[in-house]
Amino acid sequence: MAGIVSIYRKDLAQRRKKLRRQRQMKIIQTIWRTFAVSGLAGGLLWLIIQPMWVLKAPIQIVMISGNQLLSEQTVQSLLVLSYPQSLWRIEPSAIAESLEQQPAIAKATVSRRLFPPGLVIEIQERFPVAITHTLPLSKTTTCNTQPQFSDKSAAKLTPPCLQNSSSQRKQTDVGLLDSSGALIPLEKYTSLNPTGKLPSLKVVGSPEQYRPYWTQIYQAVSQSSVKVMEINFQDPANLILKTDLGNVHLGVPNAQLPQKIKVLVQMRHLPAKFNPGQIAYIDLKNPDSPLVQLNQTTRINSPDP
């Protein structure tokens with residue numbers, strides 16, 4: 001019995017000794033890990049505060065642009081940055097927000113570049129596709145709604161409310177429009193891109209009138225083989241296109257717009273069958289039954305394309 005007790009005591013002493021060594025190893029490992037993490041954090045902090053992580057000049061900024069309408073110098077002039085400045089004090093999100101406030105920039109992404117130190121700015125520009133003419137509301141309630149024509153025989157059809165509109169033209173707001181319907185102030189755009197070519201397409205009317213339909217209309221018009229020079233939204237009940245075939249009345253903008261444009265394309269040989277001076281306008285309000293309104297106030301069905 002005494003032998004068993006002696007063996008148990010020896011085994012218990014060895015276990016205690018082993019546990020004591022394990023605790024000591026854990027304490028040593030914890031201390032070592034603490035020193036390692038502290039040293040690594042201190043090294044990173046020392047590395048961060050070194051002069052190399054400083055934005056010293058605009059040459060350290062890399063510009064990535066989509067349409068290349070705005071030069072690199074122009075974009076850099078829009079940046080609110082002072083030099084030199086610590087790279088870690090710069091807020092990329094704030095710079096991106098300030099760039100997106102510019103009407104010629106649709107989206108901006110700014111990120112830090114560590115090697116070599118600098119900034120990477122990627123912008124998506126707004127490409128103007130039309131010139132907008134927003135006319136003020138006229139107080140005249142009785143107005144001839146027939147379209148205007150450039151030929152002398154139709155000069156008498158000019159609406160009287162537009163003949164004395166010199167004062168209104170001075171108040172007309174002129175701007176630019178991109179394919180998504182975003183408005184771009186003309187003066188702001190030309191100041192940022194003075195050598196840029198302005199679009200030839202003209203849009204007349206209030207943005208509130210054409211914004212819901214603009215994407216659909218522009219997509220159909222841009223893909224058409226018939227050249228469209230002007231889109232007139234002044235009459236909400238009658239969308240008018242000025243084309244190389246003449247004025248085209250499309251009626252109320254609706255889901256049939258692409259179909260109406262296709263019918264217009266099919267009528268592209270119309271000038272070969274009719275004297276352009278005799279055509280007042282093309283009526284496509286009903287795309288299934290296109291009509292040609294002549295200046296003699298006689299209306300005929302369009303011949304088969």
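For the numbers below, each heavy atom of this structure counts, side chains included, while hydrogens, waters and symmetry mates do not.
- Within 6.0 Å of OH on Y83 lie more than 12 heavy atoms contributed by other residues, nucleotides or ligands.
- Other residues, nucleotides and ligands contribute over 12 non-hydrogen atoms within 6.0 Å of the CG atom of L19.
- R15 is linked by a salt bridge (Lys or Arg N to Asp or Glu O under 4.0 Å) to D11, counting only residues two or more places apart in sequence or in another chain.
- Residues forming a side-chain hydrogen bond (donor to acceptor under 3.5 Å, both in side chains) with S98 (at least two apart in sequence, or on another chain): none.
- Under the side chain to side chain contact (heavy atoms under 4.5 Å, CB included) test applied with I261, the options L284, V248, L241 reduce to a single match, L241.
- A donor and an acceptor atom, one from each side chain of H249 and D283, are nowhere located under 3.5 Å apart.
- When the options L177, V204, I231 are evaluated for a side chain to side chain contact (heavy atoms under 4.5 Å, CB included) with T132, the one that passes is L177.
- Using modelled atom types, no side-chain atom of Q278 and backbone atom of L294 make a donor-acceptor pair closer than 3.5 Å.
- Residue pairs meeting the side-chain hydrogen bond (donor to acceptor under 3.5 Å, both in side chains) criterion with at least one partner in residues 196-207, sequence neighbours excluded, are S206-E208.
- Following chains of ILVMFWY side-chain contacts shorter than 4.5 Å, one can reach L81 starting from V75, so the two form part of one hydrophobic cluster.
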Original post:
Where do L201 and V228 land on the side-chain contact (heavy atoms from CB on, under 4.5 Å) test, with the steps shown first?
Top reply: CA-CA 7 Å; L201 179 62; V228 178; 4.2 Å; yes
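- More than 12 non-hydrogen atoms from other residues, nucleotides or ligands lie less than 6.0 angstrom from CD of Q29.
- Counting heavy atoms from C-beta on, the side chains of L55 and I90 come closer than 4.5 Å.
- For the residue pair S71 and T74, a side-chain donor N or O sits within less than 3.5 Å of a side-chain acceptor on the partner.
- Using modelled atom types, one side-chain atom of S222 and one backbone atom of Y218 make a donor-acceptor pair closer than 3.5 Å.
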